[in-house]
Amino acid sequence: MLESLPEWAVCLVAVGVAVAIAVAVVLVVYWVLARLTSDEGESQTRHLVRKTRWPARLLAVTLGAGLGVGLCGPEGGLPAEFLDAWPDIQRVMLILSATWLVIGLLAGADDMLLARYRTDVRDNLKARRVHTQVRVITRMLMVIVGIVGIALALMTFDDVREIGASMLASAGIAGIVIGFAARPVLGNIIAGIQIALTQPIRLDDVVIIEGEWGRIEEITTTYVVVKIWDERRLIVPFSRIIEEPFQNWTRQTSEILGTVFIHADYTVPVDAVRDELKRVCEGHDLWDGRVCGLVVTEAGESSVTIRALVSAEDASKAWDLRCDVRERLIDFLQREHPGCLPRTREIEYREDARGG
């Protein structure tokens with residue numbers, strides 16, 4: 001049957017068979033890897049398999065096509081223009097597929113490593129530290145690998161190499177111009193490396209930046225995404241994190257103290273309010289048992305300021321605990337000591353009749 005086909009058709013069949021064999025080998029390899037992984041959920045190996053499946057297939061197609069075209073040779077009936085251009089096409093496809101595969105390996109290794117450190121537990125300080133370092137470093141490596149891969153693919157063309165040679169002749173001026181233009185980007189990249197090493201912030205840290213309270217939701221290669229309490233997102237460049245002060249409420253631990261201020265009359269029974277605060281804390285599931293105290297912090301002209309200090313495991317629980325303590329203490333004063341609520345006294349001065 002093949003004898004009746006033209007030479008170019010036979011060559012296409014050979015290329016197709018070579019590509020099919022190469023893809024089949026990759027499919028078998030990945031099927032074996034999938035079978036070797038755990039059936040209970042996604043194991044660490046499956047992250048690597050999933051991230052590299054498609055780039056491995058593209059690499060197999062490129063290698064199979066190159067093998068098929070090589071078997072056909074110049075006498076295979078393929079156009080001479082195609083045969084002249086094929087080496088460059090194959091090199092570009094090999095470089096791009098290999099670049100994609102390396103990026104997939106980095107992403108898979110990232111997932112494999114981070115899967116060992118869970119952040120959904122109470123004591124997740126070490127896990128958040130590892131997540132921050134690994135994500136920042138791997139993403140920067142992915143960017144570098146991608147840039148190098150694209151540059152190598154472009155340099156396979158003679159025209160691009162000639163342009164590059166001509167650009168090198170004026171590299172001094174071009175370098176200065178590019179340096180000034182890319183200064184913000186390079187500054188953020190360097191700041192990102194510094195953040196990954198020193199870790200002033202980590203994933204899931206509770207921070208106050210630009211006057212906004214939120215959690216570090218994502219750390220990219222050049223900026224940080226802060227999820228604010230009302231579901232808004234604040235995008236902060238790395239340079240701002242390094243150069244400007246901000247509050248990090250979970251730098252060492254997530255435990256935090258919460259304050260509640262209440263204004264009351266001078267006749268307020270402080271010991272009774274203190275006992276009520278203790279009763280509220282001891283029966284509250286958000287209190288972590290560390291701190292529960294009440295003192296008078298200020299005495300004004302018409303009222304005193306009472307400060308209740310309570311502790312909780314993290315900032316979110318501390319906020320809810322503060323709100324609940326405030327409501328219960330106000331209810332206690334209204335119910336048990338209504339006369340101790342803030343009030344304004346009016347003193348009536350009467351002129352003595354004998355005085356005129």
Under a single-linkage definition using a 4.5 Å side-chain heavy-atom cutoff for Ile, Leu, Val, Met, Phe, Trp and Tyr, are [X] and [Y] assigned to the same hydrophobic cluster?
| X | Y | result |
| --- | --- | --- |
| V296 | Y266 | yes |
| V136 | L141 | no |
| I228 | V224 | yes |

How close do [X] and [Y] get, counting heavy atoms only, and between which atoms?
| X | Y | result |
| --- | --- | --- |
| T267 | G339 | OG1-O, 3.9 Å |
| L277 | G293 | CD2-O, 3.3 Å |
| V145 | I103 | CG1-CG1, 4.0 Å |
| R135 | D110 | CA-OD2, 3.7 Å |

field: Verdict with reasoning, R328 to E276, per salt bridge (Lys or Arg N to Asp or Glu O under 4.0 Å)
entry: CA-CA 9 Å; R328 295 195 184 187; E276 177 65 14; over 6 Å; no

task: List the steps and the verdict of side chain to side chain donor-acceptor pair (under 3.5 Å) for S254 and D314.
output: CA-CA 5 Å; S254 62; D314 55 55; 5.5 Å; no

- request: Go through D320 and K317 one step at a time and tell me if the salt bridge (Lys or Arg N to Asp or Glu O under 4.0 Å) criterion holds.
  value: CA-CA 5 Å; D320 295 336; K317 293 181 179 180; over 6 Å; no

With side chains defined as the heavy atoms from C-beta onward, is the minimum distance between [X] and [Y] less than 4.5 Å?
| X | Y | result |
| --- | --- | --- |
| S302 | P342 | no |
| Q90 | L94 | yes |
| W249 | I208 | yes |
| I235 | V225 | yes |
| V273 | L294 | yes |
| H284 | D324 | yes |
| E336 | Q334 | no |
| R215 | S316 | yes |

field: CA sep, side-chain torsions, deciding dist, call: S311, W287, side-chain contact (heavy atoms from CB on, under 4.5 Å)
entry: CA-CA 6 Å; S311 60; W287 184 55; 3.7 Å; yes

- prompt: Run the side-chain contact (heavy atoms from CB on, under 4.5 Å) check on E212 and V226 step by step: do they pass?
  reply: CA-CA 9 Å; E212 300 285 358; V226 181; over 6 Å; no

query: Where do E210 and R240 land on the side-chain contact (heavy atoms from CB on, under 4.5 Å) test, with the steps shown first?
result: CA-CA 10 Å; E210 301 289 337; R240 299 290 294 273; 2.3 Å; yes

message: Main chain of V268, side chain of D265: is a donor-acceptor contact present, judged purely on distance under 3.5 Å?
response: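 No.
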
N/O donor-acceptor pair under 3.5 Å between R326 side chain and L321 backbone: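 Absent.
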
Below 3.5 Å, can you tabulate the donor-acceptor pairs from side chains in residues 14-33 to any protein atom, sequence neighbours excluded?
{"residue": "Y30", "atom": "OH", "partner": "T52", "partner atom": "O", "Å": "3.0"}
{"residue": "Y30", "atom": "OH", "partner": "T52", "partner atom": "OG1", "Å": "2.8"}

- line: The salt bridge (charged side-chain N to carboxylate O under 4.0 Å, His left out) partners of R139 (sequence neighbours excluded) come to E218

Pairs involving residues 85-107, ordered by first then second residue, that meet ring pair (Phe, Tyr, Trp, His ring centres under 6.0 Å) (sequence neighbours left out):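 Output for this query lists F82-W86.
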
message: I'd like to know if K51 and D111 make a salt bridge, using a cut-off of under 4.0 Å between side-chain N and carboxylate O.
response: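 Counted as a salt bridge, because a side-chain N and a carboxylate O are separated by less than 4.0 Å.
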
task: Please assess I241 against F246 for the test side-chain contact (heavy atoms from CB on, under 4.5 Å), listing each intermediate value before the final yes or no.
output: CA-CA 8 Å; I241 301 293; F246 64 94; 3.8 Å; yes

- request: Quickly, which of V236, T250, V207 forms a side chain to side chain contact (heavy atoms under 4.5 Å, CB included) with I216? Name it, please.
  value: V207

field: W319, CH2: over 12 other non-hydrogen atoms inside 6.0 angstrom
entry: no

